[in-house]
Participant: 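Once you've had a glance at the structure underneath, I'll fire off some questions.
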Amino acid sequence: MRLLVTGGAGFIGANFVRQTLQTRPDARITVLDKLTYAGNRASLEGLDVDLVVGDVADAALVDKLVSGADTVVHFAAESHNDNSLHDPSPFIQTNLVGTFALLEAVRKHGVRLHHVSTDEVYGDLELDDPAKFTEQTPYNPSSPYSATKAGSDLLVRAWARSFGVRATLSNCSNNYGPYQHIEKFIPRQITNLLTGRRPALYGAGLNVRDWIHVDDHNTGVWAVLDAGELGRTYLIGADGELDNLTVMRMILEQMGHGPDEFDHVTDRAGHDLRYAIDAAPLRAELGWAPDYGDFAAGLAATIDWYRDNTAWWAADKERVEARYAEQGQA
Ligand code: NAD
Ligand code: DAU
């Protein structure tokens with residue numbers, strides 16, 4: 001199988017490449033990645049992959065790479081909500097124009113596409129709402145990031161229906177694990193503590209996220225690639241709802257700090273309250289189940305990974321925190 005993985009030097013993409021090389025020895029992988037601030041060549045170090053440094057919105061390059069692939073797995077995106085609130089333009093370019101370029105190429109060459117997306121396209125839920133997001137939940141994105149992801153999903157659905165592009169989609173909840181950029185909630189707090197900074201909680205920290213280990217997300221992507229129905233959307237989630245204050249206190253406790261050794265900082269504008277995924281169709285129809293049942297154990301392993309891999313993240317820490325300080329979020 002000749003796989004083209006866009007965004008394969010990012011958090012989830014790099015973990016996908018690692019998992020695939022271990023579980024699918026026949027896979028030959030080409031990664032297309034622009035190596036933005038979020039992409040890291042070191043995440044693919046020692047792996048048998050071809051890394052092409054380029055832009056998913058570069059139609060000529062994408063056409064050439066897609067023509068040599070059987071399957072494309074599309075992770076490349078601008079992925080951070082906070083950044084999208086300060087400069088939406090790269091989100092429009094990569095998430096929308098980039099997905100369009102890819103769709104035109106897979107359409108021309110008849111190549112199978114899996115589009116990786118987010119539960120944020122559905123907006124948010126009330127804290128006391130028993131409902132979870134399903135494939136039928138109407139799209140209602142809140143931020144420029146989630147709006148561009150929603151737009152990219154709709155492009156994929158339209159290309160599947162109108163042009164017969166062989167595409168599937170998945171919308172997953174919040175991932176955690178190794179190789180996640182330190183701008184994101186969990187690695188930011190871990191690396192703050194490792195560098196003597198105080199962790200930063202937005203607002204009161206009551207917002208709920210539905211955590212899933214990145215390896216479980218990627219086994220879900222493979223379940224859809226192997227047996228998913230073309231044109232269909234699958235939700236991926238592992239029943240991991242926790243509020244941010246709880247996660248913050250778990251990190252503090254696991255790293256030997258007191259429960260109040262953090263700061264409340266300016267809340268995110270338009271901050272989604274709660275995400276929750278109903279992954280019943282993925283479980284029942286495709287036989288998928290998560291391997292990481294215990295969030296506390298997964299979190300402890302993630303903390304160990306950041307402690308053991310300082311060289312992977314330390315060079316970017318000052319810049320990330322200076323940016324948060326400018327935004328009043330440090
Ligand atoms: P990330 O920011 O860690 O990685 C994104 C990667 O895409 C980086 O390597 C970056 O260099 C690359 N990239 C950015 N713009 C590009 C361009 N124009 N051309 C080529 N490459 C480009 O993101 P992530 O957390 O790994 O997310 C991957 C995908 O999964 C995204 O589509 C995101 O929307 C989706 N997703 C993420 C989560 C999560 O919790 N992180 C959950 C659900 C879905
Ligand atoms: O739900 C899937 C989405 O999860 C993905 O589509 C996004 O790409 C991914 O970044 C993530 O989005 P969130 O906005 O939920 O993740 P983030 O790590 O930025 O924040 C998680 C929660 O923690 C959120 O409620 C905001 C809060 N937060 C975040 C940071 C960076 C803090 O309280 N303090 C922080 O310093």
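Order of appearance sets the numbers: ligands from 1, and atoms from 1 within every ligand.
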Participant: Suppose clustering is done on Ile, Leu, Val, Met, Phe, Trp and Tyr with side-chain heavy atoms closer than 4.5 Å. Which residues sit in the same group as F163?
Facilitator: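 Taking Ile, Leu, Val, Met, Phe, Trp and Tyr as members, F163 shares its hydrophobic cluster with L4, L32, V52, V56, L61, V62, L65, V66, V72, I92, L96, F100, L102, L103, V106, V111, L113, L155, V156, W159, V165, L169.
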
Participant: Quick one, list the residues around ligand 2 where some non-hydrogen atom comes in under 4.0 Å, by chain and residue number.
Facilitator: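 If the criterion is a heavy atom under 4.0 Å, then ligand 2 touches S79, H80, N81, T118, D119, E120, Y145, C172, S173, N174, E183, K184, F185, R188, Q189, A200, L201, Y202, N207, R209, N244, R268, H271, Y275, Y324.
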
Participant: Taking the six-membered ring for Trp, are the ring centroids of W305 and W312 within less than 6.0 Å of each other?
Facilitator: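 Under 6.0 Å, so yes.
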
Participant: Do the ring centers of Y122 and F133 come within less than 6.0 Å of each other?
Facilitator: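 That pair passes the under 6.0 Å test.
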
Participant: If only side-chain N and O atoms count, and only distance matters, is there a donor-acceptor pair under 3.5 Å linking H114 with T71?
Facilitator: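 Side chains of T71 and H114: no pair found under 3.5 Å.
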
Participant: For D153 and N171, does a side-chain donor sit closer than 3.5 Å to a side-chain acceptor?
Facilitator: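 Per modelled atom types, D153 and N171 side chains form a pair under 3.5 Å.
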
Participant: For the residue pair W222 and T20, confirm or rule out a side-chain donor-acceptor distance under 3.5 Å.
Facilitator: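 Yes.
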
Participant: For H213 together with F295, are the ring centres under 6.0 Å from each other?
Facilitator: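 Not close enough - the centres of the two rings lie 6.0 Å or further apart.
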
Participant: Would you say the side-chain atoms of H115 and T99 include a donor-acceptor pair closer than 3.5 Å?
Facilitator: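 Side-chain D/A pair, H115 to T99: absent.
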
Participant: Residues in side-chain hydrogen bond (donor to acceptor under 3.5 Å, both in side chains) with D82, at least two apart?
Facilitator: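 D82 satisfies side-chain hydrogen bond (donor to acceptor under 3.5 Å, both in side chains) with H80, Y202, R268 only.
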
Participant: List the protein residues in contact with ligand 1, where contact means a heavy-atom separation under 4.0 angstrom.
Facilitator: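 Residues within 4.0 Å of ligand 1: G7, A9, G10, F11, I12, D33, K34, L35, T36, A38, G39, G54, D55, V56, F75, A76, A77, S79, T94, V116, S117, T118, Y145, K149, C172, S173, N174, N175.
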
